[in-house]
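Just follow the structure's listing: the first ligand is 1, and inside any ligand the first atom is 1. Values below: all heavy atoms of this structure, side chains included; hydrogens, waters and symmetry mates excluded. Position 1 is the first residue of the sequence, and the numbers go up from there.
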Amino acid sequence: MELRDLSDHVEYRAGRGIEEVARDLGRDPGEFVKLSSNENPFGPSPAAADAIRDAAADVHRYPKAVHADLTAKIAERWGVTEAQVWLANGGDGALDYLARATLDPGDAVLVPTPGFTYYGMSARFHHGAVNEYDVAPPADDPGDGFALTADRVLSAYDGERVVYLTSPHNPSGARFALEDVQRVADETDENTLVVVDEAYGEFSDAPSAVGLLDDRDDVAVLRTFSKVYGLAGVRLGYALVPDEWADAYARVNTPFAASAVACEAGIAAMDDDDHVERTVETVEWSRQYLREELDAPTYESHANFVLARVGDASAVAEAAQREGVIVRDCSSFGLPACVRVTCGTREETERAVDVLNEVLAE
Ligand SMILES: *Cc1c(COP(=O)(O)O)cnc(C)c1O
């Protein structure tokens with residue numbers, strides 16, 4: 001038998017892990033610091049780690065009550081109804097549910113380029129076509145920064161069914177002004193859904209787009225526990241959707257969309273304000289340090305990483321890796337001159353800057 005035609009489908013390429021890199025180079029994993037996947041350098045909240053251990057004894061049960069408890073907690077946090085919270089296996093899982101609920105075969109979506117690969121992957125799984133809007137700075141004046149503006153989106157918009165806005169944006173760290181999000185929603189068709197991906201929302205001091213859900217039925221917001229909460233490994237995220245079609249969740253979700261372990265961890269993480277605060281404060285420090293101390297032009301960031309223009313990104317990333325610092329070569333994003341450096345602890349950030357500056361001086 002043959003699979004369906006997957007030739008248009010692209011692979012998701014995650015940042016490389018420490019174990020993988022250490023094994024390749026025949027070195028000890030302890031020598032490396034990984035600043036390539038925008039993870040929390042402090043790990044999960046200790047309370048979340050305890051909750052995961054405590055959940056172990058009950059994992060023979062399907063997660064019904066705990067799913068409801070986490071949903072209620074998230075609904076309360078955002079001032080929405082429980083039906084508007086679509087829990088999922090990571091933010092990526094929530095993107096799939098939105099695609100399942102909106103796309104008919106042949107419908108198109110509009111995604112940013114450079115941008116997060118999974119939007120397009122998810123649309124293709126659901127037999128959608130993928131169009132792009134360009135947010136890159138002009139090649140002749142790269143210092144100008146990335147353009148996360150309604151103008152860029154609307155000038156490419158051609159009636160697509162779903163438009164994805166990443167704010168703050170990966171990999172640049174730039175963000176949309178809330179008025180621009182609103183303008184995109186206003187000026188696109190009634191039947192176009194605007195998905196605002198706020199995976200890095202906690203690191204930005206701008207207001208969330210969740211407020212728009214109060215009086216619109218064409219905006220959904222994506223959030224995740226993978227970044228500020230340090231729970232990337234348990235896979236937990238959610239979409240907040242308009243009240244009008246919230247019921248569709250029951251018809252599109254994979255049963256028990258988030259595991260019991262993930263839900264328990266999520267509840268505990270949401271209660272640990274100290275861990276979130278410490279993480280955000282450290283990111284703010286690290287972001288500024290990277291921007292001031294790196295001997296390369298950097299872009300303003302509202303997320304937990306900084307994009308730096310280093311010349312030959314693949315050579316720089318490889319040389320830094322040999323010195324024990326793993327950063328993200330952004331060639332696969334279509335930015336062969338840039339590396340993305342995740343904000344680490346103070347110690348990790350200082351080491352990353354030392355190593356990158358040494359590499360850049362060569
Ligand atoms: C990390 C990330 C997500 C969500 O990742 P999950 O681990 O699946 O929750 C979504 N969008 C962007 C832009 C991201 O960087």
Side-chain angles (χ1 to χ4, degrees), residues 10 12-15 17 34-41 43-44 48 70 74 85-99 109-123 125 132-133 135 146 148 162-176 181 194-204 206 208-209 220-240 253-254 257-259 261-263 265-266 269-270 279 283 299 301-307 327-328 330 332-335 338 340-343:
V10 288
Y12 183 82
R13 268 185 256 136
K34 183 187 177 205
L35 300 175
S36 55
S37 296
N38 304 337
E39 294 152 340
N40 188 323
L70 176 58
I74 293 169
V85 180
W86 289 15
L87 277 188
N89 187 44
D92 297 343
L95 288 170
D96 280 342
Y97 294 162
L98 293 173
V109 304
L110 188 63
V111 307
T113 182
F116 190 58
T117 331
Y118 199 70
Y119 307 140
M121 293 175 68
S122 177
F125 298 156
E132 298 180 333
Y133 64 93
V135 299
F146 286 69
L148 281 287
V162 184
V163 174
Y164 298 88
L165 310 180
T166 323
S167 188
H169 173 254
N170 181 8
S172 72
R175 68 183 175 199
F176 281 93
V181 174
V194 177
V195 176
V196 188
D197 180 349
E198 297 183 343
Y200 300 98
E202 291 86 355
F203 304 112
S204 161
S208 165
V221 175
L222 188 83
R223 309 282 300 205
T224 178
F225 285 81
S226 296
K227 308 286 159 55
V228 81
Y229 290 115
L231 292 173
V234 303
R235 312 304 301 127
L236 182 63
Y238 57 94
L240 299 169
N253 88 88
T254 305
S259 77
V261 175
C263 292
M270 284 179 75
T279 302
V283 162
Y299 294 95
S301 171
H302 302 280
N304 66 340
F305 53 81
V306 168
L307 187 72
V327 298
R328 181 72 188 256
C330 290
S332 68
F333 282 101
L335 299 171
C338 294
R340 191 191 64 195
V341 187
T342 300
C343 296

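Scored by the side-chain contact (heavy atoms from CB on, under 4.5 Å) test, Thr166 finds Pro112, Tyr119, His169, Asp197 as partners (sequence neighbours excluded).
To the nearest 0.5 Å, atom SG of residue Cys338 and atom CZ of residue Phe333 are 11.0 Å apart.
Between the side chains of Arg328 and Asn38, no donor N or O sits under 3.5 Å from an acceptor N or O.
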Requested in this report: Verify side-chain contact (heavy atoms from CB on, under 4.5 Å) between Arg340 and Leu335, making sure each step is shown before the conclusion.
Outcome: CA-CA 10 Å; Arg340 191 191 64 195; Leu335 299 171; over 6 Å; no
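Looking at Ser204, its side chain does come within 3.5 Å of a backbone N or O of Ala206 through a donor-acceptor pair.
The minimum heavy-atom distance between Ala123 and Val109, with the atom names listed, is CB-CG2, 3.7 Å.
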Name each N or O atom in ligand 1 that is under 3.5 Å from a protein N or O, and give the partner atom and the distance.
| unit_1 | atom_1 | unit_2 | atom_2 | d |
| --- | --- | --- | --- | --- |
| ligand 1 | 7 (O) | Ser226 | OG | 2.6 |
| ligand 1 | 7 (O) | Arg235 | NH1 | 2.8 |
| ligand 1 | 7 (O) | Arg235 | NH2 | 3.3 |
| ligand 1 | 8 (O) | Gly91 | N | 3.2 |
| ligand 1 | 8 (O) | Asp92 | N | 3.0 |
| ligand 1 | 8 (O) | Asp92 | OD1 | 3.2 |
| ligand 1 | 8 (O) | Asp92 | OD2 | 3.1 |
| ligand 1 | 8 (O) | Arg235 | NH2 | 2.7 |
| ligand 1 | 9 (O) | Gly91 | N | 2.6 |
| ligand 1 | 9 (O) | Thr224 | OG1 | 2.5 |
| ligand 1 | 9 (O) | Ser226 | OG | 3.2 |
| ligand 1 | 11 (N) | Asp197 | OD1 | 3.4 |
| ligand 1 | 11 (N) | Asp197 | OD2 | 2.5 |
| ligand 1 | 15 (O) | Asn170 | ND2 | 3.0 |
| ligand 1 | 15 (O) | Tyr200 | OH | 2.7 |
| ligand 1 | 15 (O) | Lys227 | NZ | 3.1 |

